[in-house]
Amino acid sequence: MIDSRQRRKAVGAFPTPPEIVRAVVAETLAAPLARASWRADGSPRLRILDPAVGDGRFLVECARVLAAAAAARGFHPAAARRAIVARVLVGVDRDAAACAAARAALGEGADVRQGEALLDGVVDAGAFDAVVGNPPYVRAVTLKRADPDLWARLRGALAATSYKEWDLYGAFLERALAWARPDGDVGLVVPSRWLTGAFAARLRARLAGSVRKIVDFGAEQRFPGATTYTALVYLRRGSAELAFERGGATGRIPAARLGAAPWVLGTDVVERLRAVGPPLGEVARIAKGAGTNADPVFLLERRGDGFFSAALGCRVDVEPEAVVPCVRGRDVGEGTLALRRWALYPYDGDRLLPPDELRTRFPLAAAVLLRCRALLEAREGGRFRGPTFYRWGRPQNLRWLLDREPKIVVPDAARTPRAAIDAEGRLAIDTAYAIRPTGAVPLARLYAALRSPLVMEWLGAVGIPLRGGYVRLKTAYLASLPVP
């Protein structure tokens with residue numbers, strides 16, 4: 001049985017807190033309402049869309065704000081609200097139950113349509129003075145499993161859906177501009193990841209010059225029952241600059257400086273630190289660790305002269321040549337690197353061993369993997385079914401990571417500058433990143449930079465702050481780190 005939270009997560013739907021609804025509606029409707037003319041029934045000559053209406057709370061707030069404006073002009077508020085619901089507001093949602101809830105909340109005459117707003121023919125382009133809402137957050141890999149038809153129709157159709165692991169909310173951000181009139185306003189609640197993530201580079205380029213304001217809540221959790229890093233994004237074509245609020249600070253960035261590169265909100269700190277030296281990405285290679293997608297199976301703990309398997313809950317015997325020492329993010333200290341796990345490694349370099357060769361070279365290791373076959377084949381909805389069920393989920397950078405040339409290892413998230421030098425060719429697992437210089441800057445200098453307070457100050461400015469004071473040390477943020 002899937003509980004309600006799991007179902008909401010699967011479709012990317014979590015109710016928006018009332019204070020955020022009020023803030024988005026007030027900001028988005030201010031300009032359209034100021035220029036609107038009024039009909040005799042008390043409704044403004046406006047059209048307002050919520051393309052993922054859910055229970056209707058954004059449109060209910062729109063109705064309240066517009067009815068109050070009508071009352072201030074001498075109209076009867078109840079009669080004006082009925083006219084506003086019937087003539088101004090449009091809601092769309094794929095879910096029939098959500099549509100019914102929205103209609104009930106809005107009242108008689110509500111224009112709430114069941115359908116997918118992102119597909120052609122459901123919502124008219126260029127027809128709305130304002131677009132508001134909280135679109136679903138669904139990553140491409142999840143959407144492909146849950147709705148392969150929608151995934152196939154969206155993939156590559158938009159800038160937001162044409163690169164790496166895109167997310168459904170990006171498609172709503174991009175399409176919202178098309179739904180709005182040339183002078184229309186958009187206000188959407190979305191995760192802040194798109195501001196800096198590599199997957200959203202083309203979306204940022206598409207929206208540059210159309211984002212007028214962003215309120216980034218950073219690590220502040222605004223959605224009960226869900227861990228989200230939320231931003232309020234306001235769009236209007238032809239915006240000359242981007243105004244932002246982040247962590248109590250405010251600022252403005254000229255639209256001409258925005259493009260596909262990560263959008264960094266916090267320009268004073270960033271500009272001061274940029275002068276320190278070249279970015280790390282220009283003087284070093286940064287590689288994310290390899291991913292197994294089943295660490296309890298592949299990562300073994302040394303027990304005496306054998307190993308302990310968390311997946312099987314017992315001691316197992318494997319050939320010493322069938323394992324490699326590995327390091328996870330939690331193993332990286334401040335200058336120290338703990339060796340707690342060995343990775344069961346069915347590869348020769350980066351070549352996956354075929355089943356017959358695996359059984360011949362490493363019969364004990366092959367037997368352990370066979371005992372875990374059901375678990376391994378269940379990964380990612382069955383993508384690993386078949387004779388090579390034992391392959392890793394993300395076998396990236398294997399040769400480079402195992403090379404014994406010294407490298408620096410950092411965790412993927414930290415509260416203090418944590419980095420250590422590995423000179424033994426340990427395999428970084430995907431909660432860690434590995435860094436090697438590519439030019440004249442020596443390893444020792446990179447190591448010193450990565451252990452300095454500068455790292456946390458920089459990542460706090462350019463990255464997404466996490467709960468508990470943590471910051472991400474992912475490639476997109478590390479690559480821009482100034483190296484003295």
Side-chain angles (χ1 to χ4, degrees), residues 141 145 285 287-332 336-407 409 411-412 420-434 436:
V141 64
R145 291 195 299 264
R285 176 178 173 183
K288 185 182 174 86
T292 70
N293 283 26
D295 284 0
V297 173
F298 289 102
L299 303 193
L300 306 177
E301 180 184 351
R302 177 76 78 176
R303 294 282 179 93
D305 60 350
F307 293 94
F308 179 81
S309 167
L312 297 174
C314 64
R315 183 183 180 280
V316 295
D317 292 318
V318 299
E319 295 81 1
E321 299 80 9
V323 296
V324 296
C326 64
V327 57
R328 302 163 298 168
R330 71 188 71 177
D331 301 325
V332 183
T336 62
L337 201 58
L339 179 55
R340 298 189 177 98
R341 298 288 187 277
W342 279 254
L344 195 56
Y345 196 70
Y347 291 83
D348 182 356
D350 55 5
R351 178 181 68 89
L352 181 68
L353 297 177
D356 289 344
E357 186 177 353
L358 177 64
R359 288 190 294 268
T360 300
R361 290 177 59 175
F362 306 126
L364 296 177
V368 171
L369 292 169
L370 185 62
R371 292 171 65 184
C372 299
R373 179 166 186 164
L375 191 156
L376 295 175
E377 289 194 327
R379 292 175 292 167
E380 295 187 20
R383 184 166 74 88
F384 296 87
R385 291 194 186 102
T388 58
F389 64 89
Y390 50 85
R391 64 193 187 275
W392 284 22
R394 300 290 183 271
Q396 55 200 8
N397 308 310
L398 293 177
R399 284 188 178 274
W400 189 84
L401 291 169
L402 287 169
D403 193 312
R404 294 182 68 88
E405 181 183 353
K407 62 180 180 288
V409 184
D412 67 347
I421 294 177
D422 168 44
E424 301 174 12
R426 297 179 187 178
L427 178 62
I429 300 300
D430 60 3
T431 55
Y433 286 78
R436 280 199 188 101

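No hydrogens, no waters, no symmetry mates; every other heavy atom, side chains included, goes into these values.
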So, taking the atom named [atom1] in [X] and the one named [atom2] in [Y], what distance separates them when rounded to the nearest 0.5 Å?
{"X": "Cys314", "Y": "Phe307", "atom1": "SG", "atom2": "CZ", "result": "14.0 Å"}
{"X": "Leu299", "Y": "Trp342", "atom1": "CG", "atom2": "CH2", "result": "11.5 Å"}
{"X": "Cys326", "Y": "Leu402", "atom1": "SG", "atom2": "CG", "result": "10.0 Å"}
{"X": "Ile421", "Y": "Thr336", "atom1": "CD1", "atom2": "OG1", "result": "12.0 Å"}
{"X": "Leu353", "Y": "Tyr390", "atom1": "CG", "atom2": "OH", "result": "6.5 Å"}
{"X": "Ile429", "Y": "Asp412", "atom1": "CD1", "atom2": "CG", "result": "12.0 Å"}

Heavy-atom pair with the smallest gap, counting every atom of [X] and [Y]:
{"X": "Ser309", "Y": "Val316", "result": "CB-CG1, 4.0 Å"}
{"X": "Gly291", "Y": "Trp392", "result": "O-CB, 3.6 Å"}
{"X": "Ala287", "Y": "Trp400", "result": "CB-CZ3, 3.5 Å"}
{"X": "Ala428", "Y": "Leu401", "result": "O-CD1, 3.9 Å"}
{"X": "Val409", "Y": "Ala432", "result": "CG1-CB, 3.9 Å"}
{"X": "Arg302", "Y": "Gly306", "result": "CD-O, 3.5 Å"}

Quick test of your reading of the model: are Asp422 and Arg436 salt-bridged, counting only N-O distances below 4.0 Å?
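Judged by the 4.0 Å cut-off on N to carboxylate O distance, Asp422 and Arg436 do not form a salt bridge.
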
Does the distance from a Lys or Arg side-chain N to an Asp or Glu carboxylate O, for Arg303 and Glu301, drop under 4.0 Å?
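A salt bridge links Arg303 with Glu301.
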
For [X], all residues meeting salt bridge (charged side-chain N to carboxylate O under 4.0 Å, His left out), sequence neighbours excluded:
{"X": "Arg394", "value": "Glu380"}
{"X": "Arg399", "value": "Asp350"}
{"X": "Asp331", "value": "Arg328, Arg340"}

Are the side chains of Pro355 and Thr388 in touch, meaning some heavy atoms are under 4.5 Å apart?
yes

Val327 versus Leu427: any side-chain heavy-atom pair under 4.5 Å?
no

Residues in side-chain hydrogen bond (donor to acceptor under 3.5 Å, both in side chains) contact with Arg426, at least two apart in sequence or another chain:
Glu424

Asn397: side-chain hydrogen bond (donor to acceptor under 3.5 Å, both in side chains) partners, not counting sequence neighbours:
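Result, side-chain hydrogen bond (donor to acceptor under 3.5 Å, both in side chains) vs Asn397: Arg285.
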
Stepwise side chain to side chain contact (heavy atoms under 4.5 Å, CB included) test for Val323 and Arg341
CA-CA 10 Å; Val323 296; Arg341 298 288 187 277; over 6 Å; no

Any donor-acceptor pair under 3.5 Å from Tyr347 side chain to Pro395 backbone:
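Absent.
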
Side-chain donor/acceptor of Lys288 to backbone N/O of Asp430, under 3.5 Å
yes

Using atom types as modelled, flag every donor-acceptor pair under 3.5 Å from a side chain in residues 364-379 to any protein atom, sequence neighbours excluded.
| residue | atom | partner | partner atom | Å |
| --- | --- | --- | --- | --- |
| Arg373 | NE | Glu377 | OE2 | 3.1 |
| Arg373 | NH2 | Glu377 | OE2 | 3.3 |
| Arg373 | NH2 | Gly386 | O | 3.3 |
| Glu377 | OE2 | Gly386 | N | 3.0 |
| Arg379 | NE | Leu376 | O | 2.9 |
| Arg379 | NH1 | Thr292 | O | 2.8 |
| Arg379 | NH1 | Arg391 | O | 3.1 |
| Arg379 | NH2 | Phe389 | O | 2.8 |
| Arg379 | NH2 | Arg391 | O | 2.9 |

